[in-house]
Amino acid sequence: MFEFNAPIDTGQMQAIATGHGQTMERWEDGPNGRRSTGQPLIDEDTGAPVRIYDVMLPTGRDGRHELHGVRVVSHEAPELAPYSPVELPGLRAKVRGARNGAKGVDVSFSADGIRPVAAPAPRPVKRDEAA
């Protein structure tokens with residue numbers, strides 16, 4: 001099986017948040033199978049919670065937006081307005097062979113953070129434009 005990890009330059013990419021984000025839960029193996037502990041999943045390296053944000057990325061045919069869950073490990077959990085543009089610093093894609101011997105590939109996305117795109121500053125009106 002192969003695995004390929006690649007950073008993605010988001011400078012020319014428009015990412016759109018759906019407004020839905022969820023903290024992942026920690027699971028444990030028990031005598032009756034796997035069960036949720038009801039506790040948040042915490043990244044061992046940073047001590048920060050792991051969240052999944054639903055984001056539409058232009059990964060479809062002809063650059064059409066498709067919905068992906070983007071994994072973000074951060075203490076910050078910004079409120080994202082539905083269908084608003086967002087920035088994804090440190091966006092990476094992991095591509096690997098499909099599990100269970102199926103044809104195709106599995107693609108997953110992770111980022112160092114997520115934040116709303118800052119609104120552009122209003123353009124000052126010049127005196128001759130105001131008339």
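For clarity, every value in this text was computed on a predicted model and none was experimentally measured. The analysis underlying the following values was restricted to heavy atoms, covering all of them including side chains, and did not include hydrogens, waters or symmetry mates.
Counting all heavy atoms, side chain and backbone alike, Pro58 lies closest to Gly63 at CB-O, 3.4 Å. The nearest pair of heavy atoms linking Asp106 to Ala98 is OD2-CA, 3.8 Å.
Between Leu57 and Leu88 the shortest side-chain heavy-atom distance falls below 4.5 Å. Side-chain contact between Ile114 and Pro78: present, with at least one pair of heavy atoms (C-beta onward) separated by less than 4.5 Å.
Taken to the nearest 0.5 Å, the CD1 atom of Ile42 stands 8.5 Å off from the OG1 atom of Thr23. Ile16 contributes atom CD1, which lies 11.0 Å from atom CG of Leu67 (distance to the nearest 0.5 angstrom). Atom CD1 of residue Ile8 and atom OG of residue Ser110 lie 9.0 Å apart, to the nearest 0.5 angstrom.
Residue Met56 is not grouped with residue Ile52 when hydrophobic side chains (ILVMFWY) are merged at heavy-atom distances under 4.5 angstrom, including chains of intermediate members. In the hydrophobic clustering of this structure, Val70 does not group with Val73; members are Ile, Leu, Val, Met, Phe, Trp, Tyr whose side-chain heavy atoms approach within less than 4.5 Å, directly or through other members. By the rule that hydrophobic residues join a cluster once side-chain heavy atoms approach within less than 4.5 Å of another member, Met13 and Val107 end up as members of one cluster. Under the 4.5 Å side-chain contact rule for hydrophobic residues, Leu91 and Val95 share a cluster.
For residues 53-85, every residue pair satisfying the ring pair (Phe, Tyr, Trp, His ring centres under 6.0 Å) rule, not counting sequence neighbours, is listed here: His68-Phe109. Within the structure, every pair that satisfies the salt bridge (Lys or Arg N to Asp or Glu O under 4.0 Å) test and touches residues 26-48, not counting sequence neighbours, is listed here: Arg26-Glu28, Asp29-Arg34. Among residue pairs with one or both ends in residues 71-94, those qualifying as salt bridge (Lys or Arg N to Asp or Glu O under 4.0 Å) are Glu87-Arg115, Arg92-Asp112; sequence neighbours excluded.
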